[in-house]
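One structure below.
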Amino acid sequence: MFNFKLKKLGIISVLSLSLVAAGCGQEETVDGANSENDGGDEATSNVSEELEYTITGIEPGAGQTETTNNVIAEYESMAGWEQELSSSAAMLTQLGDAIGNEEPIIVAAWSPHYKFAKYDLKYLEDPKGIFGEEEYITTIVRKGLKDEKPIAYTILDRFYWELQDMESALLKAQEMDFDFEKVAREWVDNNQDTVATWTEGVEPAGGTSLELVSTSWDTELFSANVAKIVLEQHGFNVTLTQVDPAIMFKAIATGDADASLSPWMPSTHGAFYNEYEGEFEDLGANLEGAKIGLAVPTYMDIDSIEDLEPKE
Ligand code: PBE
């Protein structure tokens, strides 16, 4: 129902493409070095050429994919560049392989995410500010939830945590095979004080059903699973469904689902948000200090999107 088949197909075709790309990359570099190069920008122009003017992107349906397309369209330095789309998992594999071989790579990156703890990465500066400075993750609920399920509404409205909590949960998840139900359960057990601030003075629900939708990135799976456990402990019968960002907004706007803690704002999901604005209620940030952008391993010699070279 939610594009899984499409995604799998995407991974296969993109992986085979990238094998072809990897095979061609070296010849191109040799050609480039032999051709009339003015020498000044040699390092960076070779990097752009070596990368075949390609960003290693993530899922076609990710908000970040759209934002990166806007970046490619707005920067002269990225004229003719493309994104290779597949999945976050495939991107992380390619990132790990590139770093293992000290090869150049530019990835669609976001934080909080464990890749920044695992690897030495830097965001490329974005002087036009298209990715935005800072993102926050917000909680949206369907219209009518406040009247129909006021207990859930109150708990969801209070739901908020510190970046630090999220970052340590994401590191924990690595040790626990990304079993976010387990990571969330452990977090709830160990953070009863924080949980108490969300549920304080709110009477138990007594079996009311509640539909949560979440996107499938680590941050969101963690927060959705924590919300699910806390709401279940408070007497709700919670269903959690993983969906693409477009479906997440649609499900809340149409009332098919009650709530989501997944929207990244203002840049990442801004287009979806605007499309459905007025058809859902925004309860405000559940996490602040997130970020999206293009990132490279620190051994690469470029610092800004403007250090790239257009494809001629
Ligand atoms: N992300 C992580 C998602 C949202 C969370 C930035 C990769 C996206 O839709 O782009």
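Each ligand, and each atom within it, is numbered from 1 in the order the structure gives.
Test Thr65, Thr56, Thr54, Asn69 against Gln83 for side-chain hydrogen bond (donor to acceptor under 3.5 Å, both in side chains) and you get one pass: Asn69.
Note: Phe222 and Trp187 have perpendicular aromatic rings, judged against thresholds of 30 and 60 degrees for the angle between ring planes.
Using modelled atom types and a 3.5 Å distance limit, the side chains of Glu135 and Thr268 yield a donor-acceptor pair. For the residue pair Glu148 and Tyr153, no side-chain donor N or O sits within less than 3.5 Å of a side-chain acceptor on the partner. Between the side chains of Glu232 and Asn237, no donor N or O sits under 3.5 Å from an acceptor N or O. No side-chain N or O of Thr215 forms a donor-acceptor pair with one of Gln242 less than 3.5 Å apart.
Within ligand 1, counting atoms from 1 as listed, the ones closer than 4.0 Å to a heavy atom of Ile58 are 7 (C). Ligand 1 places these atoms under 4.0 Å from at least one heavy atom of Glu220: 5 (C). Atoms of ligand 1 found under 4.0 Å from any heavy atom of Gly63 (numbered from 1 in listed order, with element): 8 (C), 9 (O), 10 (O).
At under 3.5 Å, a nitrogen or oxygen of His269, whether backbone or side chain, sits near a nitrogen or oxygen of ligand 1. Looking at ligand 1, you'll find an N or O of Gln64 within less than 3.5 Å of one of its N or O atoms. Not one N or O of Ile292 is nearer than 3.5 Å to an N or O of ligand 1, by distance alone.
Within the structure, the closest approach of Thr215 to ligand 1 does not fall below 4.0 Å when heavy atoms are considered. Judged by the shortest distance from any of its heavy atoms, Glu59 lies outside the 4.0 Å radius around the atoms of ligand 1.
No more than 12 heavy-atom neighbours from other residues, nucleotides or ligands sit within 6.0 angstrom of CD on Glu203.
Contacts of Thr219 with ligand 1, taken as heavy-atom pairs under 4.0 Å, are absent altogether.
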